[in-house]
Amino acid sequence: MNLKRLLRPAPHLERDAAQHALLVLVSAALALGAALGIAWAAGFTEVLHQLRRVDPVWLPVAFAMEVAAYFGYVVAYREVARANGGPRLGIRRAGAIVAAGFGVFVIRGGFVVDRHALEDAGLDAREARVRVLGLGALEYAVLAPAAALAAVIILARGSTHPSLGFTLPWAIAVPLGFVAAFAALGLRHRLGDDAGWRAAVRHVLDAVNMLRHLAAQGADHGGAFVGTTLYWVGDVGCLWASLRAFHDSPDLAALVIGYATGYALTRRTLPLGGAGSVEALVSFALAWTGIPLAKAVLAVCAYRIFNLWLPLLPAAIGLRHLKRWRQQHAAGVA
């Protein structure tokens, strides 16, 4: 096997089966290495003890919650794509894009899949980039206020778990961030759109403006916020059920803080579906909220089975469909 050929840069849709298999192996190695490292920190004896006490009845619940999360993201994706006269994607096509973007087959993260898919659907490169940024803004527009509210609840209780280092940043920074983002929209038209940092800032502000447009037309685009909320509820619910499988009943507000902190970068922005990084960051974030580290690492590993590894087959099928649609698009243009 020619590793140099397998590792050469290539568009995500142009990689062959051998390259995809290598990416899966690399991702599995990163995830396993992170899990073993955290298990060592927690103590292998304690981790094995907790593993023997697993309550499997909660695992189907975790699976069902993750299915709901993926469905919600498909709904949100379609709304973002069709905003401002954009393309109307069918359920099948949107599902293929979402599944492919959450897989481990894209080194630079799922938003690369989104950008190419939207270009193939008829958008120019700039507009596709703005919508991808808008999709990321939509994710944070739902998750960040939920984390801020959870932080306020914990502060009002006077609880020491999570500590002030976790709760205060969410309670203070999120409202200020929203105010700053929408206040900066007035500068949007003063920035150039050629290249450099000004163009990057302009694209970000255009994405925030698209988010404002979606919110202002809730009757037409309310599905964007409903779908994103379902995605976060389903994904957090999957993690909650995984924790219950290991006999931990986390406080919901603390769980939201730990989850949001572990996902400082959302999963779709992370390389290789966040393999390795999610296992480490979410496990330690849960431990910092008061959950024993041995239970946290086992719960996160179970959560990642439903969140990353079981969806590998849909991701591979989605990439196959996207490749065929891209070829059809190229043939039509030619």
Side-chain angles (χ1 to χ4, degrees), residues 76 79-80 83 109 111 129-193 196-218 221-222 224-233 235-236 239 251-270 274 277-278 281-282 284-286 288-290:
E79 292 298 324
V80 170
F111 283 157
R129 188 177 300 110
V130 168
R131 287 175 195 269
V132 169
L133 292 172
L135 184 64
L138 178 61
E139 293 181 15
Y140 284 110
V142 174
L143 178 61
L149 177 61
V152 170
I153 291 173
I154 292 171
L155 288 170
R157 291 177 187 163
S159 175
T160 58
H161 288 290
S163 66
L164 291 178
F166 272 78
T167 52
L168 279 179
W170 285 108
I172 295 174
V174 171
L176 292 179
F178 271 83
V179 170
F182 285 99
L185 287 178
L187 304 174
R188 186 164 59 99
H189 296 295
R190 301 182 186 180
L191 297 171
D193 199 24
W197 69 270
R198 289 178 179 271
V201 173
R202 171 67 184 269
H203 291 163
V204 171
L205 292 179
D206 283 344
V208 174
N209 187 59
M210 188 187 74
L211 188 63
R212 183 174 65 175
H213 170 78
L214 291 173
Q217 299 191 13
H221 296 293
F225 295 92
V226 173
T228 305
T229 300
L230 178 58
Y231 166 70
W232 288 125
V233 169
D235 208 51
V236 173
L239 181 58
D251 175 75
L252 183 57
L255 177 61
V256 170
I257 290 290
Y259 176 94
T261 302
Y263 273 113
L265 291 174
T266 60
R267 181 159 57 102
R268 206 167 178 84
T269 66
L270 295 170
S277 58
V278 170
L281 293 174
V282 177
F284 282 117
L286 291 176
W288 291 328
T289 65

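The figures here come from the full heavy-atom set of this structure, side chains too, leaving out hydrogens, waters and symmetry mates. From a predicted model like this one, the values you see are computed outputs, not experimental measurements.
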I153/L252 under side chain to side chain contact (heavy atoms under 4.5 Å, CB included): CA gap, chis, key distance, verdict: CA-CA 10 Å; I153 291 173; L252 183 57; over 6 Å; no
Nearest non-hydrogen partners of L133 and V204, listed with the distance: CD1-N, 4.0 Å
Separation between NE2 of H221 and CG of L138, rounded to the nearest 0.5 Å: 12.0 Å
Ring geometry between Y259 and Y263 (parallel below 30°, tilted from 30 to 60°, perpendicular above 60°): tilted
Heavy-atom donor-acceptor pair, S277 side chain to G274 backbone, under 3.5 Å: yes
Worked check of side chain to side chain contact (heavy atoms under 4.5 Å, CB included) between E79 and F225: CA-CA 9 Å; E79 292 298 324; F225 295 92; over 6 Å; no
Short N-O contact, R131 and D206, less than 4.0 angstrom: no
Within-4.5 Å side-chain heavy-atom neighbours: V130 and N209: no
4.5 Å side-chain heavy-atom contact, R157 and D251: yes
Heavy-atom side-chain proximity of T228 to L143 below 4.5 angstrom: no
Side-chain H-bond candidate by donor/acceptor type, W170 with T261, under 3.5 Å: yes
Nearest non-hydrogen partners of A76 and G227, listed with the distance: CB-C, 4.1 Å
Closest approach of A171 to V152 (non-hydrogen atoms, all atoms of both residues): CB-CG2, 4.2 Å
From CA spacing to verdict: side chain to side chain contact (heavy atoms under 4.5 Å, CB included), T289, L255: CA-CA 7 Å; T289 65; L255 177 61; over 6 Å; no
Any L149 side-chain heavy atom under 4.5 Å of V256 side chain: no
Closest approach of F178 to A141 (non-hydrogen atoms, all atoms of both residues): CZ-CA, 3.7 Å
Minimal non-hydrogen separation, T167 against P162, with atom names: CG2-O, 4.1 Å
Which atom of A137 lies closest to which atom of L211, heavy atoms considered: O-CD2, 4.0 Å
Side chain to side chain contact (heavy atoms under 4.5 Å, CB included) between L214 and V80, worked out: CA-CA 8 Å; L214 291 173; V80 170; 4.3 Å; yes
